[in-house]
Amino acid sequence: MTSPMPSRLYFDNAATSFPKPPGVFDAMARYAADLGATNGRGAYAEAMECGRLIRECRERLCRLFHGQSAEHVVFTLNTTDALNLAIKGVVGARLAARPRDEVHVITTAMDHNSVLRPLNALSTRGVRWTCIPADPDTGLVEPDDIRRAIEDRTALVAVNHASNVSGTIQPVAAIGRVCADKGVPFLVDAAQTLGHVPVDVQEADIDLLAFPGHKGLMGPLGTGGLYIRPGVERMLATCREGGTGSGSDKDTQPATLPDRYEAGSLNAMGIVGLGAAAGYILDHGMAMIADHERHLMGLFLDAVDASGLHKTLRMLGPPTPQGRVGVFSFVHPSMPSAEIAAALERDHGILVRGGVHCAPRAHGTFGTIKGGAVRFSLGPFISAEDIRRAVAALSDVCGVVKRISRARAKA
Ligand SMILES: Cc1ncc(COP(=O)(O)O)c(C=O)c1O
């Protein structure tokens with residue numbers, strides 16, 4: 001059944017979350033209407049209040065992932081910006097310390113282009129990198145494979161926490177132990193986990209945590225951050241220098257965090273919104289939100305099962321809510337994923353993403369690099385009825401394809 005004017009349902013939370021929790025836009029509007037100033041650039045009340053709100057956001061984020069110091073939460077534009085700072089900063093510091101040595105970095109086949117592309121760009125500057133394969137059914141990486149790949153020259157291990165293609169959660173605590181044993185800095189890309197599942201940087205021995213503000217944390221676009229474990233800054237060169245509002249009598253970058261890595265004016269309005277979003281998550285409790293999302297994943301998987309869709313479509317990654325986040329990608333045997341996504345929007349108002357999802361080696365692992373996959377990604381405000389409607393729509397689109405194929409075969 002197609003509806004002439006379907007109301008629109010957003011299932012693309014892996015790209016950016018929508019809607020945002022209550023209070024986020026109010027906080028941003030209040031900043032824009034009443035403050036408007038930038039932190040650290042003046043001693044008047046509005047600039048001081050902006051500084052307080054930004055500090056509050058750092059503290060809330062630090063509590064969320066159990067960091068040791070809120071000053072070590074550095075704001076960035078997004079996850080990509082944070083990953084570039086982490087990768088290029090570690091490589092830059094290593095090249096500065098041992099200019100004649102080759103630098104080696106390890107990543108995985110499940111990693112996003114925001115890791116793969118910086119590494120490729122660095123290949124021209126003497127950086128060699130190893131990509132650890134993942135299991136083609138589950139998408140899981142074996143921590144022992146990482147242990148075996150570590151060399152004397154390995155400067156960094158960069159691992160995707162949960163895949164934006166299959167939803168697979170990697171065993172980061174086990175990988176963190178391997179890196180701690182070997183004394184190699186461990187960078188985790190938490191783009192698909194922070195705000196969805198508990199993340200504990202101390203428990204998982206994470207040295208650098210790159211995260212978006214605009215996905216699971218439910219802040220606005222243009223926000224993200226890098227958490228730098230105290231002491232790790234000694235291995236992290238700056239990638240950008242400039243004004244910080246501190247130590248302004250000197251023409252050298254301040255050594256103290258966060259200013260060392262935050263050159264230029266911040267996205268204060270976005271960070272104020274992110275602070276409100278982080279407050280919402282802390283108030284509700286990360287464990288409660290994770291439980292709720294696990295419940296939604298169960299509903300989604302049950303609906304797929306009940307509809308019989310699993311007989312037509314191949315779903316990537318773990319088949320149960322365990323060991324995954326709510327990112328569900330499907331492959332049809334004959335219909336390109338981009339066409340399924342277009343039909344879902346056109347005929348049902350369901351907003352999903354089709355194609356290759358910026359992680360070519362993950363698609364290579366699953367054998368889906370050609371047509372990609374159609375991806376539904378959940379958020380905490382999706383209801384049971386929304387899930388029912390989305391799965392029914394997918395069923396309808398696949399049914400239409402089946403009817404057309406049968407008619408073609410008969411003709
Ligand atoms: C696993 C993963 N890493 C990194 C990114 C890049 O995130 P951002 O858009 O915040 O730069 C994404 C975006 O979808 C992602 O899914």
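Since the model is a prediction, treat every value here as computed from it, not as a measurement. Counting starts at 1 for both ligands and their atoms, following the listed order. Both backbone and side-chain heavy atoms feed into the values below; hydrogens, waters and symmetry mates do not.
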Would you say N160 and ligand 1 have an N/O pair spaced under 3.5 Å apart? no
Ligand 1 atoms in contact with A14 (distance to a heavy atom under 4.0 Å): 14 (O)
Regarding H357 and N164, do their side chains bring together a donor and an acceptor under 3.5 Å, going by distance alone? no
Would you say S114 contacts ligand 1, with heavy atoms under 4.0 Å as the rule? yes
Which ligand 1 atoms does N164 reach within 4.0 Å, using its non-hydrogen atoms? 1 (C), 16 (O)
Atom 6 (C) of ligand 1: closest protein heavy atom, distance to 0.1 Å, is T80 OG1, 3.4 Å
Students often mix this up, so state it plainly: with edges at 30° and 60°, are the rings of F300 and F328 parallel, tilted or perpendicular? parallel
What is the ring orientation for Y10 with F18, classed by angle as parallel under 30°, tilted 30 to 60°, or perpendicular over 60°? perpendicular
For ligand 1, indicate whether the residue D189 contacts it via side chain, backbone, both or neither (heavy-atom separation under 4.0 Å). side chain
Hey, which atoms in ligand 1 end up nearer than 4.0 Å to a heavy atom of P212? 10 (O)
Strictly by modelled atom types, are T223 and H214 linked by a side-chain donor-acceptor pair under 3.5 Å? no
Subset of ligand 1 atoms that lie under 4.0 Å from at least one heavy atom of A191: 1 (C), 2 (C), 3 (N), 4 (C), 5 (C), 12 (C), 15 (C)
Minimum heavy-atom distance between R353 and A341, given as atom pair plus value: C-CB, 4.3 Å
If hydrogens are left out, which of H214, Q192, H161 has an atom nearest to atom 9 (O) of ligand 1, that is, the closest non-hydrogen atom? H214
So does R63 pair up with E59, basic N to acidic O under 4.0 Å? no
